[in-house]
Amino acid sequence: MRSGCRAWPRTCNPAVDVNQAVAYSTLGLTVSLAVFRPRLGALRFTPGLAAVVGVLALFASRLLTTDQLLAAAALQWRPLLTLTSIMVITGVVQEVGAVDRLVAWIEHRARARSAVHTFTVVFAISAIAPAVLNNDAAILMLTPIVVALSRRLYPGQPAITIALAFAVFLAPGVAPFIVSNPMNLIVAERAGLDFNSYAAVMLPISIVGAALTYAILRAVYRPALAAAVVAPGGPPTTVHRHPAERPAVILMLAVFFAYPVAASLDVSIWAVAVAGALAALAICRLYRVAPLRKATSHVSIDILVFLWGIFLVVQGLGRVGVVDWLHSVYATQAAGSGRELATVGVISAIGSALIDNHPMSLLNLDAIGAAHARLLQAALVGGDIGPRLLPIGSLAGLLWIDLLRRAGVEIGVRRFVRIGTLVLLPTLAASLLLLWLL
C-alpha cells in the first residue's frame, strides 16, 4: 500500500510522480463526474458510473490489481449487503403507504399550526429517519416529499421550501448508529466496532449536534418562518391504511431494535438486516402489496456501485503516499490527547468537504489503523459533519442537490457554504469536545 517515499508530497523517482498524478487525477475525475453529472451523448453520468470510470482508470494504470479487487470485496460484502437489506425494508414501508399517511398527517396539522411548528416536525423526522434507516435512503425518500408539501402549504414562498429542504439535509449530522451512514457501516465493520459500543459514544454526540443545528436553522430562517402564510386548502387529504402497513412498520422497528440485542449476543448486524429484508418481502407477497420487482426497485444500485467503486479508487491514493502523510500529521499530536482528537476531526471534516467523506473515511481508516477506535470515531465525526461545507462532501449531498434541481429548487454554492459554515463550526467543536469528554 505504501510508496516508500516518506517526504510526501515530495517523491523519490519519476515513476512515483506519474503514479501520484494518475491517482489524484482519477479521484478528481471520479468526484467531478459524480458532482456535475455531465452527459456524453445519450449517456448521463451518475455517482455509480463515475466510480466505475475511476476503477477502470486505476486498472489501466496498474495502480489497482485483481488481488486488491478481491480483498475489497471480502471487506465490503457485509456492509453493502446490510445497506441493500435496509433499502428493501424501507421500500416495502413506502409501498404500503406509510410515508404517504405520514405526509398527510403533517399537512393536516400544518394547516392549523404555525410554519415554525411545521419546520420543527420536518426537522425531527429528518433527524430520526436517517438514524433508523440510513442517510442516503432518507434523503431520497424525504427530499421530494418535503418540497411538494411545502409548495402545497406555502405556494409562492420559496424561502420556506429552502428552509425545509435544509432541515432535511442538515438534521442528520453525526450518525448515531452504524447503520445510519453507509460509510460508517464500512469503517465500523473493518474496525470491529459493534452496534452498542458505537452508539454509546455517538448517540449523545448526535443528539447535541442535532439540537445545535435546529437552533441555528431556526435563527437563520426566523423571518421567513414568521412571515409564512398557509394557503387555504380543501378537505384534508385522506390516505387509507393498507392492511400491510402495521406489520411492515412493526417489522422495520423490530429490525432496528434487534441490532443492539444481536450485538450483545455477538450476532452480525448483516444477518439481522437480511432476515428483516426477507421478512419484508414475505409481507409484501402475503398481503399482495406489490410485485417483487417493484418492491426491490427501491434498492439504489447506483449508490451501492458508488460505495464499491470509491473504496477501490482510494486504494490508488494509498499507494502514492497519502496514507503515510495523514499518519505523519496525526502523529504530531500526543497520543490520547484532546489535540489529537481535534486534529483528526478537523482534517477529516475539511478533507471530506473537499474530496467526499467516503474516500476520506477510507484514507483515515488506513492512516489511523483499525485498533484505534477513539481516533476513528473522531474521523467519523469529522466525516459526518464536514459535508455540510460543500455539496461535494457526501453522496447524500449530491443526491439532495440533484433531487432539488429536478424539482426546480436551486441551491447556489454561496448559499450552501454560508448555511453550512454556520452549522458546521459549532457542531464540529461541540461534537469533538463531547467525544473527548466521553
Side-chain angles (χ1 to χ4, degrees), residues 115-116 118-131 135-136 138-139 142-143 146-147 150 159-176 180-181 183-184 202-225 342 345-357 360-361 378-401 403-404 409-435:
V116 171
T118 304
F119 177 84
T120 302
V121 171
V122 169
F123 187 94
I125 292 172
S126 301
I128 294 171
N135 197 23
D136 298 328
I139 288 289
L142 294 177
T143 303
V146 166
V147 170
S150 174
I160 302 300
T161 301
I162 291 174
L164 295 178
F166 268 112
V168 170
F169 177 64
L170 295 176
V174 174
S180 307
N181 187 305
M183 189 47 58
N184 291 26
M202 296 301 219
L203 180 57
I205 294 174
S206 178
I207 292 172
V208 171
L212 276 173
T213 302
Y214 174 77
I216 293 167
L217 289 179
R218 271 285 306 274
V220 169
Y221 289 106
R222 179 180 296 156
L225 293 172
V346 171
I347 290 179
S348 299
I350 296 172
S352 296
L354 294 175
I355 67 170
D356 191 276
N357 63 352
M360 190 65 201
S361 295
L380 290 176
V381 166
D384 286 344
I385 297 178
R388 297 175 170 193
L389 187 60
L390 291 170
I392 196 177
S394 68
L395 179 58
L398 298 177
L399 294 171
W400 182 74
I401 287 286
L403 289 168
L404 290 178
V409 179
E410 291 293 334
I411 303 290
V413 174
R414 181 178 298 179
R415 184 199 298 270
F416 190 100
V417 172
R418 180 173 64 87
I419 301 297
T421 302
L422 287 174
V423 172
L424 180 144
L425 295 178
T427 55
L428 181 60
S431 297
L432 292 175
L433 177 61
L434 269 177
L435 179 62

Minimum heavy-atom distance between [X] and [Y], given as atom pair plus value:
| X | Y | value |
| --- | --- | --- |
| Leu380 | Ser361 | CD2-OG, 4.4 Å |
| Leu403 | Ile139 | CD1-O, 3.6 Å |
| Leu424 | Thr427 | O-OG1, 3.1 Å |
| Gly393 | Pro387 | O-CG, 3.2 Å |
| Gly397 | Ser394 | N-OG, 2.9 Å |
| Ala167 | Val122 | CB-CG1, 4.4 Å |

Practice problem: Return the set of residues passing ring-ring contact (aromatic ring centres under 6.0 Å, His included) with Phe123 (not counting sequence neighbours), or none when no residue passes. | Solution: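 For Phe123 the ring-ring contact (aromatic ring centres under 6.0 Å, His included) partners, ignoring immediate neighbours, are Tyr214.
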
Quiz item: By ring-ring contact (aromatic ring centres under 6.0 Å, His included), which residues pair with Phe169, not counting sequence neighbours?
Solution: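 Residues passing ring-ring contact (aromatic ring centres under 6.0 Å, His included) with Phe169: Trp400, Phe416.
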
If you measure from [atom1] on [X] to [atom2] on [Y], what distance do you get to the nearest 0.5 Å?
| X | Y | atom1 | atom2 | result |
| --- | --- | --- | --- | --- |
| Leu164 | Leu142 | CG | CG | 11.5 Å |
| Leu354 | Leu389 | CG | CG | 7.5 Å |
| Leu398 | Asp356 | CG | CG | 6.5 Å |
| Leu422 | Leu212 | CG | CG | 12.5 Å |

Under the side chain to side chain contact (heavy atoms under 4.5 Å, CB included) test, which residues partner [X], sequence neighbours left out?
| X | result |
| --- | --- |
| Ala342 | none |
| Ala349 | Leu428 |
| Asn181 | Ala175, Met183, Asn184, Asn357, Asp384 |

Say whether, by atom type as modelled, one donor and one acceptor occur between the side chain of [X] and the main chain of [Y] under 3.5 angstrom.
| X | Y | result |
| --- | --- | --- |
| Ser352 | Gly386 | no |
| Ser348 | Gly382 | no |
| Ser150 | Val146 | no |
| Thr421 | Arg418 | no |

Practice problem: List the steps, then state whether side-chain contact (heavy atoms from CB on, under 4.5 Å) holds for Ile160 with Phe119. | Solution: CA-CA 9 Å; Ile160 302 300; Phe119 177 84; over 6 Å; no

For the residue pair [X] and [Y], establish whether any side-chain heavy-atom pair is separated by less than 4.5 Å.
| X | Y | result |
| --- | --- | --- |
| Ile385 | Ser431 | yes |
| Ile207 | Pro176 | no |
| Leu170 | Ile419 | yes |
| Arg222 | Val116 | no |
| Ile350 | Met360 | no |

Quiz item: Mind checking what makes side chain to side chain donor-acceptor pair (under 3.5 Å) contact with Thr213, not counting sequence neighbours?
Solution: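 Expected list: Arg388.
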
Quiz prompt | Criterion side-chain contact (heavy atoms from CB on, under 4.5 Å) on Ile162 and Tyr221, from CA distance to verdict | solution = CA-CA 9 Å; Ile162 291 174; Tyr221 289 106; 3.6 Å; yes

